[in-house]
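One structure is given here, and the rest of the page talks about it.
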Amino acid sequence: QVQLVESGGGLVQTGGSLRLSCAASGLTSSRYAMDWFRHAPGQEREFAAAISRSGGNTYYSDSVKGRFTISRDNDKNTVYLQMNSLKPEDTAVYYCAASSQGTLVPVYDYWGQGTQVTVSS
């Protein structure tokens, strides 16, 4: 059974940092491009960051570029999202997703259950 399990969310003040993790089981994560999305109340789900299978290519939305860093450790089947300089507008549930189609192809095989990030002003 394939599972993506996010962790690392929580409550942080404006300007603070959090590191999210997405641990994959039941699959070989190196075969999947991995993305992070976020979903804030009353808004549509938003793409945040993506990383290629090898980790050699990364992509970011304009809203997080320069503040967030996506990385992966294929030996640990884990993808990370380092979030710095957090703002209240970053408050959302953050999800990871796995795509066998490759980076930036909006077809996802698996999703995690999400982890809540709340940034207080």
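Position 1 is the first residue of the sequence, and the numbers go up from there.
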Of all residues at least two apart in sequence or in a different chain, which pass the ring-ring contact (aromatic ring centres under 6.0 Å, His included) check with F37?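 For F37 the ring-ring contact (aromatic ring centres under 6.0 Å, His included) partners, ignoring immediate neighbours, are F47, Y108, W111.
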Would a distance-only check, ignoring hydrogens and angles, find a side-chain to backbone donor-acceptor pair under 3.5 Å from [X] to [Y]?
| X | Y | result |
| --- | --- | --- |
| T91 | V119 | yes |
| N77 | L27 | yes |
| R67 | S85 | yes |
| S100 | Y32 | no |
| R72 | A33 | no |

For [X] versus [Y], what's the shortest heavy-atom pair and its separation?
| X | Y | result |
| --- | --- | --- |
| A92 | Q116 | O-NE2, 3.4 Å |
| A49 | L81 | CB-CD1, 4.1 Å |
| V117 | G9 | CG2-CA, 4.1 Å |
| S120 | L11 | CB-CD1, 4.2 Å |

Look up atom [atom1] in [X] and atom [atom2] in [Y], then write down how far apart they are to the nearest 0.5 Å.
| X | Y | atom1 | atom2 | value |
| --- | --- | --- | --- | --- |
| M83 | Y94 | CE | OH | 5.0 Å |
| E6 | Q113 | CD | CD | 4.5 Å |
| E44 | H39 | CD | NE2 | 8.0 Å |
| Q82 | I70 | CD | CD1 | 12.5 Å |
| Q101 | T103 | CD | OG1 | 11.5 Å |
| S99 | M34 | OG | CE | 9.5 Å |

Path from W36 to F68 over hydrophobic side-chain contacts below 4.5 Å: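 In one cluster with W36: F68, yes.
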Would you say L18 and I51 are hydrophobically clustered, going by side-chain heavy atoms of ILVMFWY under 4.5 Å?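 Yes, L18 and I51 fall within the same hydrophobic cluster.
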Return yes if a side-chain donor-acceptor contact under 3.5 Å exists between R38 and S63, otherwise no.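 A donor-acceptor contact under 3.5 Å links the two side chains.
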Side-chain polar contacts of residues 19-26 - donor-acceptor pairs under 3.5 angstrom, sequence neighbours left out - could you list them?
none

Ionic contact status for D90 with K87, cut-off 4.0 Å: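 So K87 does not pair with D90 through a salt bridge.
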For residues Y60 and T69, determine if any side-chain heavy atom of one lies less than 4.5 Å from a side-chain heavy atom of the other.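 Yes, their side chains come closer than 4.5 Å.
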Would you call R53 and S30 a side-chain contact if the rule is heavy atoms closer than 4.5 Å?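 No, side chains not in contact.
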Only counting residues at least two apart or in another chain, list the ones meeting side chain to side chain contact (heavy atoms under 4.5 Å, CB included) with S71.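 S71: side chain to side chain contact (heavy atoms under 4.5 Å, CB included) contacts with Y80.
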